[in-house]
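Here's the structure, in structure tokens; my notes come after.
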Amino acid sequence: MSELRRVDEVVWEIPADARPDMRVPARVFADEELLEAIADDRSLDQLQDVATLPGVVGAVLAMPDVHQGYGFPVGGIAATEPPEGVVSPGGVGYDINCGVRLLAAQFGADELGERREALVHEISRAVPAGKGTGAERGLVAPRLEDVLAEGPRALVERAGIGTSEDVELTESSGRLAGADAAALSERARSRGADQLGTLGSGNHFVELQEVDEVREPEAARTYGLREGQVTVLIHSGSRGLGHQVCTDYVKRMDASLGRHGIRLPDRQLACAPISSPEGREYLAAMAAAANFAFANRHAIAHRVRAAIARVVGQAAAEGTAQVYDVAHNVAKLERHGGRELCVHRKGATRAFPPGSEDVPERHRGAGQPVFIPGSMGTASYVLAGRPGAMARTFGTVCHGAGRRMSRTGARKRVKGAELRRELERSGVAVRSGSNRGLAEEAPFAYKDVERVVDVVERAGLAVAVARLRPIGIVKG
Amino acid sequence: VSFRWVEHTGELEVELEATSERGVFEAGFEAMRELLAGGEGGAPLVVEIDLPGRDRAALLADWLAELAFLGEARGLVPDRLARLELDEDGLGATIEGREGEPPHLVKAATYHRLRFDRADGGWRARVVLDV
């Protein structure tokens, strides 16, 4: 950590001259304890690798939940300037637009009472996990091409799934511009064909929660949140379709590096100028995959509402409103400091402040909602974007607690069955098809979410609006 | 041939060793066979694979990615590598296995810290898998 210098209370910097190939400094948002965990893996080396990308501007950034990934660290941010600046598919990741959607029920946890276990069970039956397919539980989806072009709006208008309000309360209204299905390979399309409305595996989940603390009452009212209320947090992405888009374009850009005169410290950072054919086609394919991911979470939310209808009643399902939906893995063209930049967010969340035109009108006064899932069994947070994010992080904050232990390490420390019993003893109903997967997501494998949120607040990037306590988990 | 899993905070990293280039690909098969194991019975399934590529490291990543894809798309639980032909232009393989429900774990094989080198009289490779 010798090259790190302290900038302020929660910001650290590796100067651009730390390595001859770095073009900009690398900045880390963390307190001392988080920094120690961050320095324990390859996160900082990876962040310095990202700082070598052609056309990168300002500084590359690591959020307090950062951990070692592949190419980019997870929790990393880099902005590049077109036309010569590059776009890197690895800087978005394989699960394009993996993200979270929060639903707020109108009933409280006390009203749900003993039906909690039944609701968790019903959600697990309604939302296919693992290798599950979308059609197997009755979802009649529109044509894939329409979903890729229009996102969740295609589901509302062509299949009567969800509402227009859900679409409006989604980042970028659930549709990234420039999406082109023709930029996807046949294999990518085939992998997505039957995966709409499915959770997948790994760290994906549907979590039933109770709002147990409101810290910013006005913003909470704006978001439709109150203490004691039941919420549902959905975490999934673009499934096999997105994985294949990234695979295809990393390979293609890796092969074109010589032609563009680009040298990189890691092949996974494979990239191409935004203005090049490879760059333009990747952005078109990535936008289509991102639209698919927004639609996927939209379809999962539809299934969650159906489960609520069966267990709590039709009125309760109809009253379950969408708070917002945010992307974690995406590259977007945005204006920052008067320049149009391509902002790569890899395991990071856009967090625009109050007044931003990119925030839906209903939430504009409070700022963009951001959801920070804790580790399984611990609290999650609802944040609101603040002006500091625009000034310091290209309008970005963290995306979760952030892993600090390998999956193997977690499995060595706890058995899935034992963890399941512990969670149930603490009042969290669990449905998971895999004890191995459950153990890998054990709470101790993650950083302390309270500390992560504290850093974000102290840095002026966002403010904590409410804390959500888990009462049930359906794990992918 | 041998493989071993290396600690990685977020993903799965595998190191492969063999006395020949072909052996590294066999070791990769064994590593993926371990990840895709699970489920009982299932109808026999034989899959033919042809992958182009002169770059051994990228070809190895493609090989592991293809096995993960077959697990996801066709439910392939691989049992045996019945044929593996490796030449300058790529590889051809026949895999015997069963149709089942392998754990849906690996999203992709990445190029991060990818290596395929001569070492200690044999060959050593490394691939990081996105999970």
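Owing to the predicted nature of the structure, the values given are computational and were not obtained by experimental measurement. Proteins come first, then strands; the chains are lettered A, B, ... in the order of their sequence lines, and each starts at number 1. The basis for the numbers below is simple: all heavy atoms, side chains too, and nothing from hydrogens, waters or symmetry mates.
- Enclosure of atom CD in B:Glu7 by more than 12 non-hydrogen atoms of other residues, nucleotides or ligands within 6.0 angstrom is indicated.
- Using a 4.0 Å cut-off between a side-chain N of Lys or Arg and a carboxylate O of Asp or Glu, B:Glu11 and A:Arg403 do not qualify as a salt bridge.
- A:Asp49 does not touch chain B: none of its heavy atoms, backbone or side chain, sits under 4.5 Å away.
- Note that NZ of B:Lys107 is 8.5 Å distant from OG of A:Ser238, once rounded to the nearest 0.5 Å.
- Comparing A:Val74, A:Leu269, A:Asp95, A:Asp40 by heavy-atom pairs within less than 4.5 Å of chain B, the highest count is held by A:Asp95.
- Using a 4.5 Å cut-off between heavy atoms, A:Ser434 makes no contact with chain B at all.
- In this structure, the portion of B:Ala109 lying under 4.5 Å from any heavy atom of chain A is its backbone and not its side chain.
- With chain B as partner, the option from A:Arg267, A:Gln244, A:Arg436 having the largest number of non-hydrogen pairs under 4.5 angstrom is A:Arg267.
- Using a 4.5 Å cut-off between heavy atoms, A:Arg42 touches chain B through its side chain atoms alone.
- Atom CZ of A:Arg263 has 12 or fewer heavy atoms from other residues, nucleotides or ligands within 6.0 Å.
- The side-chain heavy atoms of A:Arg191 and B:Phe69, taken from C-beta on, include a pair separated by under 4.5 Å.
- Judged by distance alone, with hydrogens and angles left aside, the side-chain atoms of B:His112 form a donor-acceptor pair with the main-chain N or O of A:Gly71 at under 3.5 Å.
- Looking at B:Thr9 and A:Met405, their side chains never come closer than 4.5 Å, going by heavy atoms from C-beta outward.
- Taking A:Val250, A:Thr247, A:Asp254 one by one and counting their heavy-atom pairs under 4.5 Å with chain B, the maximum is reached by A:Asp254.
- A salt bridge is absent between B:Asp55 and A:Lys251; no separation between the charged side-chain nitrogens and carboxylate oxygens falls under 4.0 Å.
- No part of B:Ala65 comes within reach of chain A, as not one of its non-hydrogen atoms sits under 4.5 angstrom from that chain.
- The heavy-atom pair separating A:Ser406 from B:His8 by the smallest distance is CB-O, 3.0 Å.
- With no hydrogens or angles considered, no side-chain donor-acceptor pair links A:His243 and B:Glu72 at under 3.5 Å.
- For B:Arg113 and A:Tyr70, the positive end is not near the middle of the six-membered ring at less than 6.0 Å and at most 45° from its axis.
- The environment of CD in B:Glu88 is sparse: at most 12 heavy-atom neighbours from other residues, nucleotides or ligands sit within 6.0 Å.
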